[in-house]
Amino acid sequence: MLKFAILGMLAQAPAYGYEIKRAFEAMLGHTWPVNIGQIYSTLARLERDGLVTCEEVSQELLPNRKVCTITEAGRAALVEWLQQPAAPSARLRVDFYLKLLLAYRSHAVDLTSLIWQQRQTLLQALADLTPLLTAQDESLRLLAEGLQLHLEADLRWLDRCEEVFGASPESDAEA
Amino acid sequence: MSILETRNVHKVYRSDGVAVHALRGVELALQSGEFVAVMGPSGCGKSTLLHLLAGLDSPTEGEVVLDGHRLNDLNESRRAILRRRTVGFVFQAYNLIPNLTVADNVDLPGLLAGRPPAEVARRREELLEALGLADKGRAFPHQLSGGQQQRVAIARALINAPTVLLADEPTGNLDSRSGNEVLALLRRFNADGQTILLVTHDPKVASFAQRIIFMRDGRFVSEMEMAGGGDPTRVIAKLVEVEQ
Ligand SMILES: Nc1ncnc2c1ncn2[C@@H]1O[C@H](COP(=O)(O)OP(=O)(O)OP(=O)(O)O)[C@@H](O)[C@H]1O
Ligand SMILES: [Mg+2]
């Protein structure tokens with residue numbers, strides 16, 4: 001994916017490694033740092049595949065740097081990638097579901113507390129997001145809203161698990 | 001200091017010979033300055049609880065202590081006076097008066113409480129400003145969006161600087177963005193010292209509180225304190241799955 005992110009950055013204007021890194025990180029509100037080594041190695045692969053061309057530019061008092069430009073083939077690859085729908089990411093917490101089923105069948109731990117602990121973990125994650133939901137930065141806010149809605153779905157499903165597995169709240173009253 | 005308490009509160013509704021046991025021994029202690037959410041599924045008794053807390057209805061058994069006053073000991077008119085002074089109420093359906101302007105809607109409880117009109121107007125201006133409605137004072141409710149109407153309802157609930165703000169599904173009719181904005185505003189008022197108790201079935205709403213109490217079938221069954229102050233960018237990085 002980094003490959004296409006770099007092509008997307010270069011489709012806006014030619015740039016050198018650190019510029020790409022900075023622009024990419026800023027676009028996602030600095031939530032997801034990339035290391036510069038990865039950028040250089042990806043650029044090298046893109047150059048080898050003819051998707052970008054890079055050129056050494058000399059700087060006064062500083063080492064030369066490589067400014068990269070997207071090629072026609074690079075643009076075509078980017079467009080193709082952009083037009084592909086992303087795979088649905090309705091990821092359930094399979095690890096949690098497995099725990100739930102095994103706890104239910106083995107009676108090894110209390111099902112009720114398993115569900116409550118998972119609920120609290122998800123609620124805390126929702127709470128952690130709240131400052132971002134009214135962030136000034138529109139793209140950051142949108143990302144936070146997406147995460148919020150996913151967590152909400154997980155919590156609703158947990159309510160269903162509680163109904164189906166009949167976890168009785170009474171037994172949790174002292175928890 | 002506990003400013004709102006219930007002791008073993010029960011509520012039984014009777015209609016046509018059928019008894020519905022809506023509350024079954026609720027024990028609540030709300031401290032000054034807290035922001036608490038009571039969360040539970042539809043029908044578990046949240047609105048019933050809120051009405052009892054506000055003194056709008058009486059428990060079948062047990063008692064509610066509001067700002068040091070046992071509500072059972074007060075007659076209806078004294079309760080109404082106490083309520084006006086100490087409770088702000090936000091309903092799911094805004095309940096604004098359609099033929100009054102925004103300013104008049106907000107002022108009404110202040111004037112009913114016998115405050116000087118100039119003081120009420122000053123506080124209303126402050127509240128509308130804080131809620132992003134400074135230019136809407138002369139508008140009528142039907143000219144506002146749902147989110148704006150709910151913010152007017154919040155201003156109205158806060159006009160008497162109540163000891164506690166009670167809110168019943170305050171974002172129930174709003175889309176998630178305006179809902180988030182309303183909740184962020186409630187959080188800001190809380191940061192300035194306003195005590196808030198809201199009830200909701202929605203975990204997105206509850207997650208704005210400092211403490212969540214879980215309710216099932218007329219009882220509190222569990223609660224959690226929220227940990228605050230995580231670094232927002234790290235929060236997102238933890239939740240987003242990056243495919244390389
Ligand atoms: N005035 C009433 N007369 C008879 N029964 C009532 C009355 N008000 C509420 N109930 C019953 O009491 C129970 C609790 O109702 P309540 O409105 O407090 O639930 P709630 O948690 O607020 O639900 P929701 O999330 O749907 O608003 C329900 O079974 C309801 O049918
Ligand atoms: Mg209700």
Side-chain angles (χ1 to χ4, degrees), chain A residues 1-3 5 25 28-34 38 42 86-87 89 91 112-113 116-117 119-135 137 140-156 158-159 162-163 167-175, chain B residues 24-25 27 35 37 39-42 44 132 171 175-188 191 201-212 214-244:
Chain A
M1 202 186 61
L2 188 58
K3 166 181 163 186
E25 289 177 347
L28 296 163
H30 302 276
T31 51
W32 162 359
V34 284
Q38 260 177 306
T42 311
S89 75
R91 277 170 230 263
T112 313
S113 60
W116 279 97
Q117 275 167 24
R119 181 176 282 125
Q120 297 199 357
T121 305
L122 292 170
L123 278 165
Q124 183 61 54
L126 264 185
D128 290 342
L129 276 180
T130 53
L132 297 168
L133 294 169
T134 47
D137 180 342
L140 189 56
R141 200 167 59 194
L142 201 53
L143 184 60
E145 281 173 18
L147 295 170
Q148 184 194 34
L149 293 168
H150 274 275
L151 288 166
E152 182 194 16
D154 285 348
L155 277 153
R156 286 204 198 162
L158 205 56
D159 290 342
E162 182 178 333
E163 284 167 30
S168 79
E170 276 88 336
S171 57
D172 191 63
E174 297 78 20
Chain B
R24 302 167 180 264
E27 304 274 348
F35 183 174
M39 180 172 131
S42 182
C44 75
T171 61
D175 62 31
S176 67
R177 172 154 299 183
S178 2
N180 287 334
E181 279 165 7
V182 164
L183 290 161
L185 286 165
L186 288 182
R187 178 178 274 177
R188 238 179 49 213
H201 70 282
D202 184 344
K204 300 197 299 307
V205 175
S207 69
F208 278 80
Q210 289 159 354
R211 177 157 73 104
I212 302 179
F214 299 92
M215 195 169 179
R216 296 280 186 281
D217 296 328
R219 291 190 184 94
F220 290 173
V221 294
S222 184
E223 69 170 61
M224 73 180 285
E225 291 281 342
M226 312 311 282
D231 171 8
T233 59
R234 234 181 279 157
V235 168
I236 284 203
K238 217 167 59 185
L239 290 170
V240 172
E241 296 178 47
V242 192
E243 285 171 55
Q244 296 290 346

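Reckoned from all heavy atoms, side chains included, excluding hydrogens, waters and symmetry mates.
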Check: Of all residues at least two apart in sequence or in a different chain, which pass the side-chain contact (heavy atoms from CB on, under 4.5 Å) check with Arg188(B)?
Finding: Ala130(B), Leu185(B)
Next item on the list: Report yes if some heavy atom in the side chain of Glu152(A) is under 4.5 Å from a heavy atom in the side chain of Asp202(B); otherwise report no.
Entry: yes
Next item on the list: Give, as side chain, backbone, both or neither, the part of Gln210(B) having an atom under 4.5 angstrom from any heavy atom of chain A.
Entry: neither
Check: Side chain, backbone, both or neither: which part of Leu132(A) has a non-hydrogen atom closer than 4.5 Å to chain B?
Finding: side chain
Notebook entry, point to check: Looking only at side chains, do Glu145(A) and Asn180(B) share a donor and an acceptor under 3.5 Å apart?
Noted result: no
Next item on the list: List in chain and number order the residues that pass side-chain contact (heavy atoms from CB on, under 4.5 Å) with Gln120(A), two or more places apart in sequence or in another chain; answer none if no residue qualifies.
Entry: Phe214(B), Ser222(B), Met224(B)
Item checked: Ile212(B) portion near chain A, given a 4.5 angstrom heavy-atom threshold -> side chain
Next item on the list: Under 4.5 Å, counting heavy-atom pairs only, tell me which of Glu181(B), Met39(B), Arg187(B) racks up the most with chain A.
Entry: Arg187(B)
Checklist line | Engaged part of Leu155(A) at the chain B interface, taking heavy atoms whose separation is under 4.5 Å | finding: side chain
Item checked: Among the listed options Asp128(A), Leu140(A), Leu149(A), the residue most often paired with chain B at heavy-atom distances under 4.5 Å -> Asp128(A)
Note to self: More than 12 heavy atoms of other residues, nucleotides or ligands under 6.0 Å from CZ of Arg156(A): yes or no?
What the structure shows: no
Next item on the list: Side chain from CB out, backbone as N, CA, C, O: work out which of these in Leu123(A) comes under 4.5 Å of a heavy atom of chain B, or both, or neither.
Entry: both
Notebook entry, point to check: What's the spacing between Leu158(A) CG and Glu162(A) CD if we round to 0.5 Å?
Noted result: 7.5 Å
